[in-house]
There are 2 protein chains.
Amino acid sequence: MERAPLSSSAVIAAAAELADAAGFEAVTLSAVARRLGVQAPSLYSHVRDREALLDGVAARALGELSERIATAIAGRAGRDALDGFATAHREFARDSPGRWQSLQRRAGDAVVRSDAARHIVTLNKAVLRGYDVPEDQHVHAVRLLGATINGYLALERIGGFDHSAPSPEVSWRKTVQALDALLRAWPTDPGENP
Amino acid sequence: MERAPLSSSAVIAAAAELADAAGFEAVTLSAVARRLGVQAPSLYSHVRDREALLDGVAARALGELSERIATAIAGRAGRDALDGFATAHREFARDSPGRWQSLQRRAGDAVVRSDAARHIVTLNKAVLRGYDVPEDQHVHAVRLLGATINGYLALERIGGFDHSAPSPEVSWRKTVQALDALLRAWPTDPGENP
DNA sequence: GGAGATCGCCTAATGGGTATAGGCTGCGGA
DNA sequence: TCCGCAGCCTATACCCATTAGGCGATCTCC
């Protein structure tokens with residue numbers, strides 16, 4: 001175990017790798033310290049406590065996710081952009097399950113207010129530009145998109161689809177198609193007043 | 001602390017109450033034992049280990065949720081049934097946050113194969129009866145419904161909507177409305193072949 | 001009605017986790 | 001050269017899960 005000099009971001013990077021390899025709940029200070037060839041208390045020079053470590057992983061994950069989304073929707077619009085957006089999420093969850101999980105918990109202020117968080121919202125709205133959803137409905141559409149995509153991935157992760165046919169893959173495509181149809185014909189109340 | 005005689009279901013009931021009061025992650029054998037006025041190791045006569053305890057809470061929660069849904073959609077169809085279904089989920093998550101959280105993790109076989117689990121699927125399909133979704137599309141629709149509703153509640157719980165207006169309540173209504181519109185005009189591929 | 005088996009709780013003890021306090025060391029700057 | 005300190009270490013306290021084994025009350029069976 002060669003020991004590169006520790007630093008806050010090295011510790012967080014190790015935690016992120018561990019999360020992907022062994023599950024988010026396996027991210028303990030002890031385990032990260034072992035992985036770094038160091039004693040657990042040594043980490044407290046670099047992260048305030050376990051919460052901060054987990055928030056660090058979440059912040060990093062958010063950045064990576066936003067990059068993936070950005071390249072996935074660049075130069076696309078409408079259905080293509082939606083596909084890219086959804087696929088980016090799904091592949092992120094598949095490739096980096098631990099980092100993805102790190103996003104499924106209440107995060108600290110630093111994470112919420114991060115550039116990455118803002119960036120994702122922007123990208124989300126960019127997808128909507130390809131549809132005719134009225135401006136004042138964008139929040140709702142963003143929330144719906146997030147809820148459905150995240151919810152689907154969460155259900156898939158906990159095995160909610162393991163006990164019925166067909167494969168989650170098929171329903172996933174159907175789900176994205178449904179979201180496309182929905183955005184294409186966004187329902188409007190008579191006398192809507194957001 | 002008067003001590004009612006312990007039993008497997010008494011232990012699980014205490015765990016469920018604790019989950020609602022202090023959060024699902026606070027459900028530890030020690031805490032449950034304290035709440036029951038008993039030493040922690042005593043619980044091992046009634047639950048195999050912590051996993052089993054958590055699964056027990058999930059099974060119980062699933063039963064309660066299915067009851068709520070059943071009464072919420074009884075005698076209703078179409079949009080009314082969908083509203084009832086969605087609202088039942090949301091009120092369950094509001095009234096029993098810990099129990100609701102217990103359902104957001106991979107559950108043991110006993111839970112997955114329980115009557116309650118089967119019941120919920122049945123109720124889910126009952127909602128679809130009020131719409132013209134083709135039979136072979138029901139799985140997809142059930143999965144989409146589950147993903148969106150659960151996903152919305154999960155995002156709401158972790159505070160995903162806390163940093164933008166308007167209130168989650170408004171988007172929730174909009175979301176249910178969107179689901180209704182979607183089921184009403186379920187998109188079909190040319191040459192679909194599930 | 002009594003002897004003993006059994007059931008259900010207890011105490012003791014282990015191992016791993018978070019977190020704090022304080023020691024030692026080697027490197028950089030004056 | 002020598003001092004300071006940054007960064008890792010050991011020691012320690014406390015919490016939690018889990019196993020082993022003890023002990024008393026109750027239940028059973030004769």
Side-chain angles (χ1 to χ4, degrees), chain A residues 1-60 98-99 101-102 104-108 110-111, chain B residues 1-60 98 101-102 105-108 110-111:
Chain A
M1 266 193 227
E2 79 307 342
R3 259 164 38 188
L6 252 42
S7 72
S8 178
S9 80
V11 172
I12 289 170
E17 283 169 31
L18 180 61
D20 288 339
F24 186 65
E25 62 289 337
V27 178
T28 78
L29 283 164
S30 310
V32 172
R34 264 192 303 277
R35 171 173 274 253
L36 289 169
V38 134
Q39 297 299 314
S42 304
L43 300 184
Y44 285 87
S45 313
H46 306 285
V47 291
R48 189 165 23 80
D49 57 10
R50 186 171 185 242
E51 273 306 284
L53 175 65
L54 267 26
D55 267 11
V57 174
R60 170 173 294 241
R99 295 170 212 229
Q101 263 189 89
S102 79
Q104 309 306 120
R105 53 190 277 288
R106 181 165 236 121
V111 179
Chain B
M1 273 210 217
E2 80 307 343
R3 258 160 43 184
L6 252 41
S7 72
S8 177
S9 81
V11 172
I12 289 169
E17 283 170 30
L18 180 60
D20 288 339
F24 185 66
E25 62 290 337
V27 178
T28 78
L29 283 164
S30 310
V32 172
R34 263 192 302 275
R35 170 173 276 252
L36 289 168
V38 135
Q39 297 299 313
S42 304
L43 300 184
Y44 284 87
S45 314
H46 306 285
V47 290
R48 189 164 26 78
D49 56 10
R50 186 171 185 243
E51 273 305 286
L53 175 65
L54 266 27
D55 268 10
V57 173
R60 170 173 293 242
Q101 261 188 92
S102 78
R105 52 188 279 287
R106 181 164 234 121
V111 179

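Chain identifiers are assigned alphabetically (A, B, ...) following the order of the sequence lines, protein sequences preceding nucleic acid strands; residue numbering begins at 1 within each chain.
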_Heavy-atom pair of closest approach, residues A:Ala107 and A:Asp55_ = CA-OD1, 4.0 Å

*Which residues, if any, of residues 39-57 of chain A bring a heavy atom under 4.0 Å of DNA chain C?*
A:Pro41, A:Tyr44, A:Asp49, A:Arg50

*Would you jot down, in residue-number order, the residues of residues 21-32 of chain A having a non-hydrogen atom under 4.0 Å from DNA chain D?*
none

*asked:* Filter on salt bridge (Lys or Arg N to Asp or Glu O under 4.0 Å), then keep only pairs touching residues 43-53 of chain B, sequence neighbours left out; what's left?
replied: B:Glu51-B:Arg105

Interface polar pairs with nucleotides 4-6 of chain C, N/O, under 3.5 angstrom:
none

*Smallest separation among heavy atoms of B:Ser102 and B:Phe24, with atom names*: CB-CE1, 3.2 Å

*Not counting sequence neighbours, list each pair that qualifies as a salt bridge (Lys or Arg N to Asp or Glu O under 4.0 Å) and has a residue in residues 18-31 of chain A.*
A:Asp20-A:Arg99

*Those residues that, when tested against A:Arg106, pass salt bridge (charged side-chain N to carboxylate O under 4.0 Å, His left out) (two or more places apart)*: B:Asp162

*Counterpart residues, side chain to side chain contact (heavy atoms under 4.5 Å, CB included), relative to A:Ser42 (two or more places apart)*: A:Val38, A:Gln39

*Start with the C-alpha distance between A:Leu43 and A:Leu36, add both sets of side-chain angles, then the distance that settles side chain to side chain contact (heavy atoms under 4.5 Å, CB included), and finish with yes or no.*
CA-CA 10 Å; A:Leu43 300 184; A:Leu36 289 169; 4.2 Å; yes

_side chain to side chain donor-acceptor pair (under 3.5 Å) pairs, two or more places apart, involving residues 7-16 of chain B_ = none

_Suppose we screen for side chain to side chain contact (heavy atoms under 4.5 Å, CB included). Which residues come up paired with B:Ala31, at least two apart in sequence or across chains?_
B:Leu18, B:Thr28, B:Arg34

*Residues which pass side chain to side chain contact (heavy atoms under 4.5 Å, CB included) with B:Ala26, listed by chain and number, not counting sequence neighbours*: B:Ala22

